[in-house]
Amino acid sequence: MEIGRYIYCIIEEKEKKSFGNLGIVDNNEVYTINQDGLAVVVSEALVQVYVPRRKDMLAHNKVLEEVMKNYYILPARFGLVAENEEKIKKLLTQRYSELKEYLKKVTKKREIGIKVFWEKEG
């Protein structure tokens, strides 16, 4: 099977960064692929369909939480894999203006989830 890059999110960053061994596959290294001030946060993974299993979804979310400690992010959907680094750089180049605009919209904003439990009366 071919090794690709599992995509977690997009951030604004000029320098290559590593976020440690948090990856969805065997806790492998999570790092950035950078192009013109934008970066895609990735880890190596097989090019395949990823079934949303609890363990993998928690790993995906853990990476997003780690990156959000220092960056505003455009999160990627679970299971998104690019075939190689060149395709990621091409995406960043082709969609540069659009991605910069989206990042501007999410700056200083956070998404939260609320879970509510209640007992039904009667």
Side-chain angles (χ1 to χ4, degrees):
M1 286 212 126
E2 183 181 356
I3 300 292
R5 302 299 181 275
Y6 184 95
I7 299 172
Y8 299 95
C9 61
I10 297 172
I11 61 175
E12 286 187 276
E13 178 57 62
K14 293 177 183 173
E15 304 294 323
K16 184 170 180 167
K17 298 288 180 183
S18 174
F19 294 96
N21 294 337
L22 304 169
I24 194 166
V25 177
D26 299 327
N27 291 322
N28 56 352
E29 183 186 11
V30 175
Y31 60 95
T32 58
I33 296 173
N34 304 66
Q35 184 78 22
D36 297 325
L38 291 177
V40 178
V41 177
V42 302
S43 63
E44 290 186 355
L46 292 175
V47 177
Q48 66 180 27
V49 174
Y50 284 84
V51 177
R53 296 181 310 176
R54 180 175 171 77
K55 175 182 85 83
D56 295 337
M57 293 180 77
L58 288 172
H60 180 98
N61 195 56
K62 185 176 182 180
V63 170
L64 295 180
E65 288 174 0
E66 183 63 30
V67 176
M68 283 191 297
K69 289 179 181 177
N70 296 302
Y71 297 92
Y72 296 105
I73 70 168
L74 291 177
R77 68 176 167 79
F78 175 84
L80 186 60
V81 181
E83 292 174 9
N84 55 49
E85 189 170 320
E86 292 75 33
K87 290 201 176 198
I88 290 174
K89 287 185 174 192
K90 184 176 179 182
L91 168 78
L92 290 175
T93 300
Q94 289 177 338
R95 309 286 297 272
Y96 181 83
S97 297
E98 183 181 356
L99 293 169
K100 288 289 277 188
E101 188 62 35
Y102 285 138
L103 281 163
K104 188 188 303 183
K105 288 179 181 180
V106 299
T107 298
K108 298 188 180 179
K109 294 179 177 74
R110 296 276 187 212
E111 180 178 328
I112 61 168
I114 299 175
K115 211 179 254 193
V116 178
F117 298 94
W118 72 92
E119 288 189 34
K120 206 171 177 182
E121 292 184 30

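Remember, it's a predicted structure, so these values are computed and weren't measured experimentally.
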### Message
Show the nearest heavy-atom pair for residues Gly23 and Val30, with the distance to one decimal.
### Response
N-CG2, 3.5 Å
### Query
How long is the gap from CD on Glu12 to OG1 on Thr107, to the nearest 0.5 Å?
6.0 Å
### Query
Hey, quick one: are Met1 and Val49 part of the same hydrophobic cluster, counting side-chain heavy atoms closer than 4.5 Å, chains of contacts allowed?
no
### Message
What's the separation between atom CG in Leu99 and atom OG1 in Thr93, rounded to the nearest 0.5 Å?
### Response
10.0 Å
### Task
State, with a plain yes or no, whether a side-chain heavy atom of Leu46 is found less than 4.5 Å away from one of Ile3.
yes
### Task
To the nearest 0.5 angstrom, please state how far the CD1 atom of Ile73 sits from the CD atom of Glu66.
11.5 Å
### Transitive ILVMFWY side-chain link Val106 to Leu80, under 4.5 Å
yes
### Message
Suppose we screen for ring-ring contact (aromatic ring centres under 6.0 Å, His included). Which residues come up paired with Tyr31, at least two apart in sequence or across chains?
### Response
none
### Message
Nearest 0.5 angstrom please: Ile10 CD1 to Ile33 CD1, how far?
### Response
11.0 Å
### Task
State, to 0.1 Å, how close Val67 and Cys9 come at their nearest heavy-atom pair, and which atoms those are.
CG1-SG, 4.0 Å
### Message
According to a hydrophobic-cluster definition based on side-chain heavy atoms being under 4.5 Å apart (Ile, Leu, Val, Met, Phe, Trp, Tyr only), do Leu58 and Tyr6 belong together?
### Response
no
### Task
For residues Arg95 and Tyr102, determine if any side-chain heavy atom of one lies less than 4.5 Å from a side-chain heavy atom of the other.
no
### Query
Are Phe19 and Asn70 close enough that some pair of their side-chain heavy atoms sits under 4.5 Å apart?
no
Extract all donor-acceptor atom pairs below 3.5 Å that involve side chains of residues 35-44 and protein atoms in other chains or at least two apart in sequence.
| from | atom 1 | to | atom 2 | distance (Å) |
| --- | --- | --- | --- | --- |
| Ser43 | OG | Tyr8 | OH | 2.7 |

### Message
Just checking Glu15: does its CD atom have more than 12 heavy atoms from other residues, nucleotides or ligands closer to it than 6.0 angstrom?
### Response
no
### Message
Rounded to the nearest 0.5 Å, what separates atom CD in Glu98 from atom CG in Leu74?
### Response
9.5 Å
### Task
Quick one: list whatever passes ring-ring contact (aromatic ring centres under 6.0 Å, His included) with Phe78, sequence neighbours left out.
His60
### Query
Just wondering, do Glu13 and Asn34 contact through their side chains at under 4.5 Å, heavy atoms?
yes
### Query
Roughly how far, to the nearest 0.5 Å, is CD1 of Ile24 from CG of Asp56?
4.0 Å
### Task
Compare every heavy atom of Gly79 with every heavy atom of Tyr50, then report the nearest pair and how far apart it is.
CB-CA, 4.0 Å
### Message
In this structure, would Leu91 and Ile88 fall into the same cluster of hydrophobic residues linked by side-chain contacts under 4.5 Å?
### Response
no
